[in-house]
Amino acid sequence: MLDLINVSYDTQIPNNVGLSSDKKVLKALEKWHPGYIDWWNQLIPNRYQQSEVYLRTAVSVDPKGWAKFDYVKMPEYRWGVLLAPQVEGRTIPCGEHAGEPAWQDVPGEYRNLMKRLIVIQGDTEPASVEQQKALALTAPSLYDMRNLFQVNVEEGRHLWAMVYLLHKYFGRDGREEADDLLRRQSGSEEAPRMLGAFNEETPDWLSFFMFTYFTDRDGKMQLESLAQSGFDPLSRTCRFMLTEEAHHMFVGETGVGRTIQRTCEVMKENGIEDPFDVDRIRGLGVIDLPLIQKKLNLHYTLSLDLFGQEVSTNAANAFNAGIKGRYQENRLTDDHQLQNDTYKVWDIVDGKIVQHDVPALTAINMRLRDDYTKDAAGGVGRWNKIIEKMGIDFELKLPHEAFHRKIGVFADKLIDPDGKFISGAEYDKGMVEWLPSHADGDYIQSLMKPEYEPGKYARWIAPPKVGIDNKPGDFEYVKLAMA
Amino acid sequence: MTKMIDFQTNPSKYRHWKVQYDGPIANLYMDVDENCGLFDGYQLKLNSYDLGVDIELSDIVQRMRFEHPEVKVVVMRSAKEKVFCAGANIRMLGGATHAHKVNFCKFTNETRNTFEAAEEDSGQKYIAAVKGSCAGGGYELALACNYIMLTDDSSSSVALPEVPLLAVLPGTGGLTRVTDKRKVRRDRADVFCAMEEGVRGKRAAEWKLVDEVVPNSKFDATVAERAAEFAAASQRLDGLKGIALTPLKREITDNAVTYSTVEIELDRAGRKATITINGPDAGAPADMDTFTTEGAEAWMLRAARELDDAILHLRLNEMELGLWVIRTQGDPETVLAHEKLLLDNQDHWLANEVLQLWKRVLKRVDVTSRSLVALVEHGSCFAGVLAELLFAVDRSYMMEDEFEGDNRPMATLTLANSNFGQYPMGNDLTRLQTRFWGDEASVEAAQEHIGEALEAEEADELGLVTYILDDIDWEDEIRIFMEERASFSPDAMTGMEANLRFAGPETMETRIFGRLTAWQNWIFQRPNAVGAEGALQRYGTGVRGDFNMERV
Ligand SMILES: [Fe+2]
Ligand SMILES: [Fe+2]
């Protein structure tokens, strides 16, 4: 009998979907595999490819013990196809088919819509690896380098997950889309990634932490809503991806937290009370809190744009079709159809920011974004706790959603982080304080020196409280190959 | 929609398009201002268009030919990122009356035809440089260009998603051009038109949906290269200087629209409009230099522009005037002389353009869904190009013999060479060939009389008019005909006339205005598209159209 919990290794591709007896899909995946390996090998500098990295690999989808840790060279990582266990009697959670048995196959009428959603999700997975490809060169510790690679290989696995769905359920079109997922490249002029935010390079480690905290969280919200899909294989895939995604957000949150911790420590050690005494703080080789606020402003607002227009036909269609639910749809207690409900969305009327009710179906994006904002606020609170504990008078804040937007009703409007309309002059002047300048970027860049000695950390970042897999402080997370 | 729709515009008023002139190449950027829709209630997002956007495009195409004859290649592209053009605005269509939708589609079809024909008529070639999504009406814009280039960035695509998305047809020539012009195999066309997301990359070229697929990094350079090649290969003369299309003189009152040479009298009670074209009041310009100096003031050009605007004005703003009465007044010899100057100088760019404009204006008459009647009265000047109107209308009545108390010159009509090929209809036949379909002898008989001022009896014998009436019968017969016509169902009239006007073989153009438009207009009436639960109404709500699954 097919073991749907533990991963089977009887094919080149570890899986719990019975690939060895699904010749058609196996063949398609095996054909796609070399292209994937090529993509990976060309991406990350060879030295790191040859290094032994202490990584977790999924060996089961049992929530109680799904991963095992060991040294592995990344190109030999066992990227697999893993679906969360099937829930007996699961029904379509929302939309016009709510309550009907969940689809085990793609319904023809929604094939294109579903394929599009999977392709968009799939496109972001390899994109982030591409964005982060140069970061190993400046890793502040082997611990951080290992975390980076962990995130990278898992994003790679997420790509596999989406490609499996494309191969298994979308026929020839699906195979072509899978090929194109490798063809597009982040920042490429030839064939850029589909979403704007995924075409920007991640230039430094603070950006990486902010990215994993804010932008991966958008990914998490998208996965959460796809985990509520009436298309069961998609739901199961995304549920399992979410277990991995939690670690990515952990890397982001603790990374920013450790940066803050270090800054506060150095300020204290040197008797600096004023967090805005930027020159002195920078003179000591740590990242001032105002700059962390600027980075936060930037990454949060870029991530908000990923949710699309506040009022969206596509989102409405996907929800009504039962392809994509709301965040934790299964825990909501309304009728899950929303045909007569309304939801508050932002708008600008006569130069003022107002909220008004629109049909809830069309406001699905807005709602997910609101859930995202709530989710994102949690970590910001914990960062503030660190600052408070150190006795420094400074508070990090999420800016108003209207600030610095490129998509939706607030796009390109002159609005400050408090959500106030301001003049062009005020905006230009304020931007220097609200978003990182090139000079700020230069400063962060100047701190980006690698620290490859086990147990040592770059000056600007504090060590973690506990090691990965409970390893001791001087554990060699990456056994670097000779340069 | 009580607001008057004005078809006159000029570059200082454009909101949606930008043109950069660069010697023989013009770069035409679509950059729709989403907040400047013609009506309230929708935003023109993603370069979607409404009639206002198309009126500007039509103006640009017209000015390209008259004001910028130096241009050999026009590159149409989008100024927005990630989208070429999303097609006609769905919310606009959802909110528009049936009549507005139909008229909107007709006008956009005419505009597409105009720039499509610019290559053959004037040697101005249109390239569509497609980056980003190009869907529905957006792809129909590209389809009407002479050459389509698509970037291969693995996301840009061409698509006709109307059927799966909106339960209507790609009705601005889309279905027809895919097969008739692009020669896409019909089973592939079936696949293409039933898919929402369209086709991108190499397959788009393989299926002949585009002419060329270009790597994204080389796209702009290749487009520029292609434009330069086409310009170099053009037969058009270099460095021609254009003339200015000055604003039309037009006065609009409650019951009349008056231009310098065209007058419209509006009879709302009788549901009719009487259009009178006045012949030139002076002799023809001596030569093309003089004509060029006169420019937009020259009678042949002025009359064509005025008549064109009059037709559009009546179509969109006076929907209840179901009968158009077409009259002329003036000296037939002078009309012929003005036309002859152009016919004798067809290799002169401006002569050619004016004649081509007349061809288009006459085609507009052909596809106008109004009952058309021409009255050949005493003092009229149905000669040459104006005689063509007699063969465009549904019926014509001619005065016979003298009328008491009427001292105008005797009613005549005069054929010219131009009536035998200069102004073909959409079916590629002359109006006389269409009139005498299957009866070449009658065409030849008429040809024998070129240049003769034919009076009623002769005209009748040659079959060139419907009825000739003398003083005793004229008034009553005309009145009875008009009253009867005004009492018929406008729908039945539109259908009957559109069928009878185009005898003979089909062409791509007649298939667009006939087959495609008729099916589209049928669908536009059906609940599956426009009912409260139909796809058009529901578009954007997230709830799908509820279809009546019975096949009709
Ligand atoms: Fe991921
Ligand atoms: Fe992630």
Side-chain angles (χ1 to χ4, degrees), chain A residues 94-97 108-116 119-120 123 170 172-173 176-177 179-185 188-196 199 309 311-324 337-341 358-365 406-407 409 411, chain B residues 34-35 42-43 45-46 48 80-82 86 89-91 94 131-133 135 151-157 159 161 163-167 191-192 194-204 206 213-221 533 535-547:
Chain A
C94 59
E96 61 176 274
H97 305 290
E109 56 191 324
Y110 300 132
R111 194 173 193 257
N112 284 325
L113 185 54
M114 215 173 287
K115 187 181 74 189
R116 176 124 194 105
V119 167
I120 291 173
D123 198 59
F170 297 90
R172 199 187 63 154
D173 288 352
E176 278 176 21
E177 293 288 2
D179 291 344
D180 275 353
L181 287 174
L182 289 178
R183 224 193 113 209
R184 285 185 289 271
Q185 286 269 328
S188 152
E189 196 188 337
E190 203 58 65
R193 291 292 172 190
M194 296 169 94
L195 302 174
N199 285 306
Q309 303 281 344
V311 172
S312 155
T313 302
N314 287 340
N317 290 342
F319 177 86
N320 192 55
I323 294 170
K324 202 175 170 181
Q337 298 199 316
L338 305 182
Q339 304 234 355
N340 304 305
D341 298 341
V358 302
L361 261 184
T362 63
I364 292 290
N365 280 347
K406 294 277 177 238
I407 289 178
V409 289
Chain B
E34 59 180 43
N35 296 317
Y42 54 87
Q43 281 191 307
K45 295 208 162 132
L46 299 171
S48 61
K80 299 208 187 317
E81 265 186 53
K82 297 204 166 175
N89 188 277
I90 310 300
R91 280 173 211 280
K131 240 182 175 174
S133 84
T151 189
D152 191 12
D153 59 2
S154 92
S155 64
S156 294
S157 63
V163 167
L165 205 60
L166 303 168
V191 172
F192 177 64
M195 65 159 78
E196 208 179 299
E197 76 276 27
V199 171
R200 60 182 190 236
K202 310 234 158 12
R203 184 179 302 159
E206 207 180 288
V213 173
V214 185
N216 195 37
S217 57
K218 299 197 188 101
F219 189 70
D220 292 341
E533 277 149 26
L536 265 189
Q537 290 302 320
R538 286 228 170 136
Y539 178 78
T541 64
V543 185
R544 287 185 306 165
D546 208 353
F547 300 144

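Here is how names work: the chains are called A, B, and so on, in the same order as the sequence lines, proteins then strands, and each is numbered from 1.
Taken to the nearest 0.5 Å, the CG atom of A:L338 stands 12.0 Å off from the OG1 atom of B:T541. From B:R538, atom CZ reaches atom CG of A:N317 across 11.5 Å, with rounding to the nearest 0.5 Å.
No more than 12 heavy atoms of other residues, nucleotides or ligands shown are found within 6.0 angstrom of CZ on A:R116.
Of the residues considered (A:D123, A:D173, A:I364, A:T362), A:T362 shows the highest number of contacts with chain B, using heavy-atom pairs under 4.5 Å. With chain B as the partner, the residue from A:E177, A:E190, A:Q339, A:E109 showing the most heavy-atom pairs under 4.5 Å is A:E190. Put simply, of A:Q337, A:E176, A:K115, A:R111, the one with the most heavy-atom pairs under 4.5 Å next to chain B is A:E176.
Looking at B:R203, the atoms closer than 4.5 Å to chain A (heavy atoms on both sides) all sit in the side chain, from C-beta outward.
Taking the side chain as every heavy atom from C-beta outward, B:N216 and A:P192 approach each other to under 4.5 Å.
Across all non-hydrogen atoms, the minimal contact from B:V543 to A:N320 is CA-ND2, 3.4 Å.
Put simply, the residue from A:R184, A:R193, A:R183 that forms a side chain to side chain donor-acceptor pair (under 3.5 Å) with B:S154 is A:R184.
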